[in-house]
Number of protein chains: 2
Amino acid sequence: MYRPIMHSPELLKGTLQTILLKVLQGNGKMYGYEITQKVKELSVGRILLTEGALYPALHKLEADGLLQTETVLIGKRVRKYYTITVTGKSLVKERIMEFKDFIKTMSAVLQVQIV
Amino acid sequence: MYRPIMHSPELLKGTLQTILLKVLQGNGKMYGYEITQKVKELSVGRILLTEGALYPALHKLEADGLLQTETVLIGKRVRKYYTITVTGKSLVKERIMEFKDFIKTMSAVLQVQIV
DNA sequence: GGGCGATACATAAGAGAATTATGTATATAA
DNA sequence: TTATATACATAATTCTCTTATGTATCGCCC
């Protein structure tokens with residue numbers, strides 16, 4: 001089992017759902033472990049999703065109708081594929097707009113220049 | 001009493017300390033209520049600090065030696081002024097660097113353009 | 001052939017940071 | 001005179017994540 005150490009764990013709070021939805025929107029059908037690897041790659045090793053956060057989050061997104069699943073047997077191993085739904089796609093748009101707005105607001109408050 | 005509604009409360013998590021330190025660094029001696037007003041102004045009404053978050057956060061920063069206080073009587077009302085310490089100044093620099101890094105990472109993962 | 005790291009799922013206990021609610025009190029403007 | 005703004009504070013609750021634990025397969029290397 002891996003033990004992730006995130007760069008700034010506090011700041012990540014509240015961004016997990018958005019990350020999951022966005023990655024699934026951009027890469028089609030994906031399974032949990034695959035998502036962690038993709039996020040690790042996109043973040044250049046800075047965001048390492050923990051299983052304890054990942055799986056409950058995926059389950060919640062599914063329960064909310066934002067993702068749908070398909071279970072596949074690979075050899076003797078179960079793999080659960082997730083796909084983003086139409087509702088999920090519209091939510092991810094909204095969430096990303098919110099995130100951009102958040103960056104803008106925070107930059108004003110902290111008076112930092114965003115490249 | 002005011003009932004603040006933040007634009008994206010989840011995202012704000014973990015940024016409160018940084019906001020407080022930065023505002024105090026930029027404006028010298030300030031008291032709690034004054035800070036909420038300044039943050040509201042800088043964020044164009046998007047960040048409305050709640051008292052339940054603000055005061056415990058200020059107390060913690062003081063306990064950690066990042067802020068120091070001075071209590072003043074204005075008429076019959078108590079006012080507690082906060083000033084940032086040398087330690088606090090070095091921390092705020094670090095925190096802002098972390099925040100910039102966080103934005104960079106998130107922008108890569110969400111594949112959004114930061115203006 | 002046996003052990004280790006990577007793959008792959010899942011849930012439960014605990015921590016941390018905020019919201020929401022509540023309490024107290026003064027100042028001011030309509 | 002009464003509502004709103006100013007000004008502090010703490011407690012209960014909620015939410016989200018970390019940490020810990022559990023189970024099991026796959027593939028490589030010695």
Side-chain angles (χ1 to χ4, degrees), chain A residues 1-21 29-41 47-64 67 69-82 95 102 106, chain B residues 1-21 29-41 45 47-64 67 69-82 95 102:
Chain A
M1 192 186 64
Y2 67 98
R3 301 227 165 283
I5 299 162
M6 302 212 216
H7 191 259
S8 45
E10 242 86 287
L11 294 171
L12 263 311
K13 291 218 175 191
T15 60
L16 180 57
Q17 277 200 7
T18 309
I19 290 172
L20 298 179
L21 291 170
K29 200 166 69 167
M30 291 180 97
Y31 57 97
Y33 187 78
E34 192 184 5
I35 295 172
T36 65
Q37 299 309 300
K38 189 69 186 171
V39 170
K40 186 178 170 184
E41 179 200 322
I47 302 179
L48 303 169
L49 303 183
T50 60
E51 295 156 303
L54 175 71
Y55 294 112
L58 287 172
H59 300 164
K60 194 183 183 309
L61 290 170
E62 190 190 358
D64 291 348
L67 298 180
T69 60
E70 184 191 337
T71 301
V72 177
L73 257 165
I74 305 291
K76 285 178 185 170
R77 215 148 51 181
V78 172
R79 206 179 261 178
K80 205 163 161 188
Y81 280 99
Y82 289 87
R95 285 288 172 83
F102 164 70
M106 281 299 292
Chain B
M1 194 186 62
Y2 66 100
R3 301 226 166 283
I5 299 163
M6 303 213 216
H7 190 257
S8 44
E10 241 84 288
L11 294 172
L12 263 308
K13 293 215 175 195
T15 61
L16 181 56
Q17 278 201 6
T18 309
I19 290 172
L20 298 179
L21 290 170
K29 201 166 69 168
M30 293 180 93
Y31 56 97
Y33 186 78
E34 192 184 5
I35 294 172
T36 66
Q37 300 309 299
K38 189 68 187 174
V39 170
K40 185 178 173 185
E41 179 201 323
I47 301 178
L48 304 169
L49 303 184
T50 59
E51 294 156 302
L54 176 71
Y55 293 113
L58 287 172
H59 299 165
K60 195 185 181 308
L61 289 171
E62 189 189 358
D64 291 348
L67 298 180
T69 59
E70 186 190 336
T71 302
V72 178
L73 256 167
I74 305 290
K76 284 179 188 171
R77 209 141 64 175
V78 172
R79 205 179 261 180
K80 205 164 161 186
Y81 281 99
Y82 289 86
R95 286 288 171 84
F102 163 71

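Letters A, B, ... are given to chains in the order of the sequence lines, protein chains preceding strands, and every chain is numbered from 1.
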Whole angstrom is fine here: how far is it from [atom1] in [X] over to [atom2] in [N]?
X	N	atom1	atom2	value
A:K38	C:dA8	NZ	C1'	19 Å
B:K60	C:dA18	NZ	C1'	14 Å
B:Q37	D:dC8	CD	C1'	14 Å
A:E51	D:dA24	CD	C1'	13 Å
A:L54	D:dT21	CG	C1'	17 Å
A:K13	C:dT19	NZ	P	13 Å
B:D64	C:dA17	CG	P	10 Å
B:L20	C:dA18	CG	C1'	13 Å

Name the nucleic acid region contacted by B:G52, choosing base, sugar-phosphate or nothing; use a 4.0 angstrom heavy-atom cut-off, strictly under.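 It contacts base atoms.
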Taking only residues two or more places apart in sequence or in another chain, which ones pass side-chain hydrogen bond (donor to acceptor under 3.5 Å, both in side chains) with [X]?
X	answer
B:E34	none
B:E70	none
B:K60	B:D64

Point-to-point distance, once rounded to the nearest 0.5 Å, from CD1 of A:I47 to CG of A:L12: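 One gets 4.5 Å once the value is rounded to the nearest 0.5 Å.
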Quick one: is [N] close enough that its OP1 or OP2 comes under 4.0 Å of any side-chain N or O from [X]?
X	N	value
B:Y31	D:dC8	no
B:H59	D:dC8	no
A:K80	C:dA10	yes
A:Y55	C:dA10	no

side-chain contact (heavy atoms from CB on, under 4.5 Å) for B:V72 and B:I74? Distances and angles first, verdict last. CA-CA 6 Å; B:V72 178; B:I74 305 290; 3.9 Å; yes
Check every atom of D:dA7, C:dA18, C:dT11 against the side chain of B:A53 and return the nucleotide holding the closest atom. C:dA18
Closest nucleotide among D:dT19, D:dC17, C:dC9 to the A:R79 side chain: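 Closest nucleotide to the A:R79 side chain: C:dC9.
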Contact list (N/O, under 3.5 angstrom) for nucleotides 27-29 of chain C vs protein:
unit_1: C:dA27; atom_1: OP1; unit_2: B:K76; atom_2: N; d: 3.4

Taking only residues two or more places apart in sequence or in another chain, which ones pass side-chain contact (heavy atoms from CB on, under 4.5 Å) with A:K80?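 If we apply the side-chain contact (heavy atoms from CB on, under 4.5 Å) test to A:K80, skipping adjacent residues, the hits are A:H59, A:E62, A:T69, A:T71, A:Y82.
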Of B:Y81 and A:A57, the one whose nearest nucleotide on DNA chain D sits closer to the 5' end is B:Y81
Set of salt bridge (Lys or Arg N to Asp or Glu O under 4.0 Å) partners for A:K38, sequence neighbours left out: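 Scan of A:K38 (salt bridge (Lys or Arg N to Asp or Glu O under 4.0 Å), adjacent residues dropped) gives A:E41.
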